[in-house]
J.: 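One structure, as structure tokens, below. Some questions next.
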There are 2 protein chains.
Amino acid sequence: MPAARERRVGSRIQRQVMQLILDRRLRPGEPMPTETELMETLEVSRNSVREALKALQALDIVEIRHGHGTYVGEASLTPFVDGLTFRTLARGGWGSPRSASGGDTQALGEILQVREVLEEGLIRRVAESLDDHELAELEDVVRRMEASGRAGDAFPELDREFHEKLYRSLGNALVPQLLAAFWNVFHTVAGARGWTKDPAPAVTARRHRDILTALRARDVEQAQRAMADHFRGIEARAWQETLGVK
Amino acid sequence: MPAARERRVGSRIQRQVMQLILDRRLRPGEPMPTETELMETLEVSRNSVREALKALQALDIVEIRHGHGTYVGEASLTPFVDGLTFRTLARGGWGSPRSASGGDTQALGEILQVREVLEEGLIRRVAESLDDHELAELEDVVRRMEASGRAGDAFPELDREFHEKLYRSLGNALVPQLLAAFWNVFHTVAGARGWTKDPAPAVTARRHRDILTALRARDVEQAQRAMADHFRGIEARAWQETLGVK
DNA sequence: TCACATTTGTCCGTATGTATG
DNA sequence: TCATACATACGGACAAATGTG
């Protein structure tokens, strides 16, 4: 019955609680047994139960609401985001004041490369299957980008929205979550570095317009190139920020 | 100071311990303060400290060794693997005995698609930069695959090794970890489903041989096609298993 | 082999905060 | 306002694992 056998160090209780969710076929949002019930069925103390639940909460496998109860979690990718963010921040060591380059800059580049490979491959698969409704939605997002760009305002949320809508027709629930995860890590770390927001939002809006134009024309190759250009722009910006501004 | 702003529910202590690692620039493997020290510096009880540490342990941000001490963790992707595995197992609900199809089969397909997109894109970037030494290493792996295939034995570990060596020259530390994560999730779930091992290892070995041949010829397009064929084979196998055997 | 100190693991009892009715 | 049910937090105690002399 051990779905995954011996956890390397993870507590027995932790596995038992996971197994309990699987056995009872509990769905996200459904209530878990209370701590008291768990300590009786598992025959351990309240403290041990709590420690296990805390660990599972960190993995978003359960959700604990104070004064209310414990519920089955979404098992989302937020632990992945937190972990990757922390790792990126912890690696670099901030670098010296001048050349701010450190291991973190490299780590950020690695994340960007994975995102780039993913999106360049994904846009090929989605380029043919986009229907008029989805194209219209993307058009709407790009219009708002352009308006924001003319005003000189950055639009990180619109950027997020564009890429999410773009891949919706894939029917792959993992893809948007993964991309959102990378996006979150990148922007959180960039924010912690004090990077300025997109200095040239009009250019970024233009990149998205190019992608949309290629998609409308059903030109797979051009769409991929446009996506690549988009990332080239992000990389250039990241490098510029890293190599010391003024 | 809040590198990442208000954690959605995460305890204050948890963030403080993470911040402590960042502030003191502690590297993976270095010792953390003992629980006693932490409860003094953070002015909380030992139970609270332990719960926070348990959560951080689940994220592989710290590593706890009984009777020895607490150490800074690798912040690896194992939490990601565990979470994704659990999520996949928890979604499907096992399905009915006969048609074993469920949401889990779809989730498995989604994971496979992401891996496929990633590897097809990555092999393009690596096809030109592989040197003779790396090609020789791959040759060695493929030879062992072929030997194992002739004996009719499956070779999951060699498969893993091939894909890992393939992307080493990228210099991107995140890539092999991500791929290993997907690989682990896929095989753990497949194992829990009781799927048989690769029923035709000789064919799988042949797929890898094709990839290597294309790489030797520096034929980027052909390498990508060979990689795509490889995944086509995996998908076919997965579908076959799902739709009831015997 | 034998203590011994250090550190984490587990448990108990109690008090407090929070949401529901 | 009150009662109930639940999670949160604390302090103290002892058990178990590990390393050292």
Side-chain angles (χ1 to χ4, degrees), chain A residues 6-21 24 26-75 78-79, chain B residues 6-21 24 26-76 78-79 82:
Chain A
E6 213 61 37
R7 254 309 168 282
R8 62 192 187 299
V9 57
S11 72
R12 174 181 55 93
I13 307 171
Q14 206 168 317
R15 283 184 292 113
Q16 284 177 302
V17 174
M18 285 194 282
Q19 197 61 47
L20 182 146
I21 297 177
R24 302 192 183 178
L26 296 179
R27 298 288 159 174
E30 289 191 70
M32 293 278 298
T34 67
E35 293 181 350
T36 316
E37 287 174 308
L38 283 177
M39 58 184 281
E40 284 167 358
T41 65
L42 302 182
E43 294 181 312
V44 290
S45 79
R46 168 177 249 95
N47 230 319
S48 304
V49 169
R50 286 187 54 74
E51 287 177 6
L53 287 181
K54 274 282 187 179
L56 293 179
Q57 179 187 237
L59 297 175
D60 197 22
I61 285 177
V62 305
E63 186 189 340
I64 306 178
R65 286 202 284 254
H66 189 144
H68 200 246
T70 308
Y71 299 81
V72 179
E74 303 279 345
T78 42
Chain B
E6 209 62 36
R7 253 314 166 277
R8 58 193 190 297
V9 57
S11 69
R12 175 180 55 94
I13 307 170
Q14 206 167 319
R15 284 184 291 114
Q16 284 177 302
V17 174
M18 285 194 281
Q19 198 59 47
L20 182 146
I21 297 177
R24 301 192 184 177
L26 296 179
R27 298 288 157 174
E30 290 191 71
M32 294 278 298
T34 67
E35 293 179 353
T36 316
E37 288 174 307
L38 282 178
M39 57 184 280
E40 284 166 358
T41 64
L42 302 183
E43 295 181 310
V44 289
S45 77
R46 190 159 97 99
N47 269 334
S48 303
V49 169
R50 284 186 55 76
E51 286 178 9
L53 288 180
K54 273 283 187 178
L56 293 178
Q57 179 187 235
L59 297 174
D60 197 23
I61 285 177
V62 306
E63 187 189 339
I64 307 178
R65 286 200 284 248
H66 190 164
H68 201 243
T70 308
Y71 299 81
V72 179
E74 304 278 346
S76 69
T78 41
D82 292 348

J.: Establish, from distance only, whether the side-chain atoms of B:Gln19 and B:Arg15 form a donor-acceptor pair under 3.5 Å.
T.: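 Per modelled atom types, B:Gln19 and B:Arg15 side chains form no pair under 3.5 Å.
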J.: Taking only residues two or more places apart in sequence or in another chain, which ones pass side-chain hydrogen bond (donor to acceptor under 3.5 Å, both in side chains) with A:Glu40?
T.: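 For A:Glu40, no residue satisfies side-chain hydrogen bond (donor to acceptor under 3.5 Å, both in side chains) once neighbours in sequence are set aside.
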J.: Need one value for B:Arg50: base, sugar-phosphate or nothing, where a base atom within 4.0 Å counts as base even if backbone is also close, heavy atoms only.
T.: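 Since a base atom lies under 4.0 Å of B:Arg50, the category is base.
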J.: Got A:Met32 and A:Val17 here, is their nearest side-chain heavy-atom distance under 4.5 Å?
T.: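 Yes, side chains in contact.
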J.: Dump the pairs, protein N or O against N or O of nucleotides 13-21 of chain C, anything under 3.5 Å, distances to one decimal.
T.:
none

J.: Whole angstrom is fine here: how far is it from CD in B:Glu63 over to C1' in C:dT8?
T.: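 Rounding to the nearest Å, CD of B:Glu63 and C1' of C:dT8 are 13 Å apart.
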J.: For the atom pair CD (B:Gln16) and CE (B:Met18), what is the distance rounded to the nearest 0.5 Å?
T.: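 Separation between the atoms: 10.5 Å.
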J.: List in chain and number order the residues that pass side chain to side chain contact (heavy atoms under 4.5 Å, CB included) with B:Pro33, two or more places apart in sequence or in another chain; answer none if no residue qualifies.
T.: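 By the side chain to side chain contact (heavy atoms under 4.5 Å, CB included) rule, B:Pro33 matches B:Leu20, B:Arg24, B:Glu37, B:Leu38.
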J.: Does OP1 or OP2 of C:dC11 have a side-chain N or O of A:Ser48 closer than 4.0 Å?
T.: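 Looking at the OP1 and OP2 atoms of C:dC11, one of them is under 4.0 Å from a side-chain N or O of A:Ser48.
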J.: Using whole Å, report how far CD of B:Glu51 lies from C1' of C:dC11.
T.: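 Atom CD in B:Glu51 sits about 14 Å away from atom C1' in C:dC11.
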J.: Mind checking side-chain hydrogen bond (donor to acceptor under 3.5 Å, both in side chains) for B:Thr36 and listing every partner two or more places apart, or none if nothing turns up?
T.: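 By the side-chain hydrogen bond (donor to acceptor under 3.5 Å, both in side chains) rule, B:Thr36 matches no residue at all.
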J.: Pull out every residue in residues 28-45 of chain B that has a heavy atom closer than 4.0 Å to any atom of DNA chain C, ordered by number, or say none.
T.: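 DNA chain C contact set from residues 28-45 of chain B: B:Thr34, B:Glu35.
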J.: Quick check: does any side chain N or O of A:Asp60 sit under 3.5 Å from a backbone N or O of A:Gly73, one acting as donor and the other as acceptor?
T.: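 Judged by distance alone, no pair lies under 3.5 Å.
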J.: Separation of B:Lys54 atom NZ from C:dG9 atom P, in whole Å?
T.: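 These atoms are roughly 6 Å apart.
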J.: Excluding sequence neighbours, so at least two apart, what forms side-chain hydrogen bond (donor to acceptor under 3.5 Å, both in side chains) with B:Arg46?
T.: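 With sequence neighbours excluded, B:Arg46 shows a side-chain hydrogen bond (donor to acceptor under 3.5 Å, both in side chains) to B:Glu35, given in chain and number order.
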